[in-house]
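Read the structure below first, then the notes.
All of these numbers come straight from a predicted model, not from anything done at the bench. We're numbering straight along the sequence, starting at 1.
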Amino acid sequence: MRTTRTFRTALLTAAVAGLAATALPTAPAAAAPAAPKFLSAGQWPASLTPWTAGPVHKGLPEDGSVCTAGTIPAKGTRHRDFRTELDTGARQTITVAPTAAKAEVLAAELRTALATCLERLKEQEPGLEGVSRYHGRVNVEEGAHVYSIDTSYPEAGSTDIGLHSVGRDGRTVTVLEWGQLGDLDGAPLKGFRKTTGTAVAKLH
C-alpha cells in the first residue's frame, strides 16, 4: 500500500503582513517492483502422485544444479524445489539481472551450459552413457528453450531422464529442471514445454 508523507512548513510571520505558507505534499515514493512469481505445484506435468512445493529460498541451492552450477549468480537469485512421492523431482530457479542486456547474456550462457552438460558429465563420471537433445523454442515473452538429457550406467542397469529449460522475460531469467528414473520415452515432454511457457509468462 502506498503512503503519502505530507510536509508542512511552519507559519512564517512577515514584517509587512502576516503570511502563512504551506509546502505542497511530496510525491508518493515509487513502489518496489513485484518479485517474479514461481510455479505452483499443480503447474508441473502430471505425475502418478501429486506434486508438493517447497518454500522459496534466496540464493542458489546448497546441493547445486548439475548442469548449470557455476553459471547462475547467487545475487538476485531465488529457487524453489518440488517433489512427488515417487522418484520424480523438479526445481525452478529465478534470477533478476541488473539489466535486460545482462539477462540476455545469462540466458545464452545457460543454454550453452545445458547443451554441453552431458559431455561434461561424461568427463566426470567414467562409464556414463547418454543422449542429449534440443527440443526447440517455446514462444513466450523473450523466448524459452527446452533440452533433455538421457543418461545411463550400463553396469548398474540404471537410467535417468532430465528435462531442462531456460526462459527470459526482460531482465528476469528462469531455469526449470525436471528429473526421474527412466528414459525420454517415459518423460512428459509435451507437458514440460507447457510448464515452461507457463513459468515464463507467470514471472511478471
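To the nearest 0.5 Å, atom OG1 of residue Thr88 and atom CG of residue Leu181 are 7.5 Å apart. Once rounded to the nearest 0.5 Å, the distance linking CZ of Arg168 with CG of Leu203 reads 11.5 Å. One distance of note links CG of Leu39 with CD of Gln92; it measures 4.0 Å at 0.5 Å rounding. Rounding to the nearest 0.5 angstrom, the gap separating the CG atom in Asp183 from the OG1 atom in Thr159 is 5.5 Å. Atom OG of Ser148 is separated from atom CD1 of Ile161 by 5.0 Å, given to the nearest 0.5 angstrom.
Under the 4.5 Å side-chain criterion, counting only non-hydrogen atoms from C-beta, Arg171 is in contact with Val96. Residues Ile149 and His164 have side chains in contact (heavy-atom distance under 4.5 Å, counting atoms from C-beta outward). In this structure, the side chains of Val138 and Val200 stay at 4.5 Å or more apart for every pair of heavy atoms.
A donor-acceptor pair under 3.5 Å links the side-chain atoms of Thr99 to the main chain of Lys102, judged by distance alone. Using modelled atom types, one side-chain atom of Thr174 and one backbone atom of Thr93 make a donor-acceptor pair closer than 3.5 Å. The backbone N or O of Thr198 lies less than 3.5 Å from no partner atom in the side chain of Gln43, so there is not a single donor-acceptor pair. Between the side chain of Glu142 and the backbone N or O of Gly170, at least one donor-acceptor pair lies under 3.5 Å.
Val146 and Val166 are assigned to two separate hydrophobic clusters, defined by single-linkage of ILVMFWY side chains at heavy-atom distances under 4.5 Å. If you chain together hydrophobic residues whose side chains sit under 4.5 Å apart, Trp51 and Leu86 never meet in one group. Put simply, Phe38 and Val175 are part of two different groups of oily side chains (I, L, V, M, F, W, Y) that touch within less than 4.5 Å, one to the next. In the hydrophobic cluster analysis, where Ile, Leu, Val, Met, Phe, Trp and Tyr join through side-chain heavy atoms closer than 4.5 angstrom, Leu176 is grouped together with Val140.
Nearest heavy atom pair, residue Ser152 against residue Leu128, reads O-CD1, 3.5 Å. Across all non-hydrogen atoms, the minimal contact from Thr195 to Pro45 is OG1-CD, 3.2 Å. When all heavy atoms are compared, the tightest approach of Ala144 to Thr196 is CB-CG2, 3.6 Å. Between Pro154 and Gly127, the shortest heavy-atom distance links the atoms CD-O, 3.6 Å.
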For this session: Could you go through the side chain to side chain contact (heavy atoms under 4.5 Å, CB included) check for Leu184 and Val131 one step at a time?
Result: CA-CA 10 Å; Leu184 183 59; Val131 178; over 6 Å; no

For this session: Tell me, with the steps shown, if Leu48 and Thr84 meet side chain to side chain contact (heavy atoms under 4.5 Å, CB included).
Result: CA-CA 8 Å; Leu48 294 177; Thr84 70; over 6 Å; no

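The salt bridge (charged side-chain N to carboxylate O under 4.0 Å, His left out) contacts involving residues 148-164 comprise nothing, where partners must be two or more places apart or lie in separate chains. Counting only residues at least two apart or on different chains, the ring pair (Phe, Tyr, Trp, His ring centres under 6.0 Å) pairs with a member in residues 59-107 are Trp44-Phe82, His57-His79. Within the structure, ring pair (Phe, Tyr, Trp, His ring centres under 6.0 Å) pairs that include any residue of residues 94-113 do not occur (at least two apart or interchain). Annotation: salt bridge (charged side-chain N to carboxylate O under 4.0 Å, His left out) contacts involving residues 65-89, sequence neighbours excluded, comprise Asp81-Arg91.
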Using residues 104-122 as the side-chain source, report each donor-acceptor pair under 3.5 Å to any protein atom, sequence neighbours left out, with the distance given to one decimal.
{"from": "Arg111", "atom 1": "NE", "to": "Tyr147", "atom 2": "OH", "distance (Å)": "2.9"}
{"from": "Arg111", "atom 1": "NH1", "to": "His145", "atom 2": "NE2", "distance (Å)": "3.4"}
{"from": "Thr112", "atom 1": "OG1", "to": "Ala108", "atom 2": "O", "distance (Å)": "3.2"}
{"from": "Thr116", "atom 1": "OG1", "to": "Thr112", "atom 2": "O", "distance (Å)": "2.9"}
{"from": "Thr116", "atom 1": "OG1", "to": "Arg120", "atom 2": "NE", "distance (Å)": "3.3"}
{"from": "Arg120", "atom 1": "NH2", "to": "Cys67", "atom 2": "O", "distance (Å)": "3.2"}
{"from": "Arg120", "atom 1": "NH2", "to": "Ala113", "atom 2": "O", "distance (Å)": "2.5"}

Throw together a table of side-chain donor-acceptor distances under 3.5 angstrom for residues 186-194, partners on residues two or more places apart or in other chains.
{"from": "Arg193", "atom 1": "NH1", "to": "His135", "atom 2": "O", "distance (Å)": "2.7"}
{"from": "Arg193", "atom 1": "NH2", "to": "Arg137", "atom 2": "O", "distance (Å)": "2.9"}

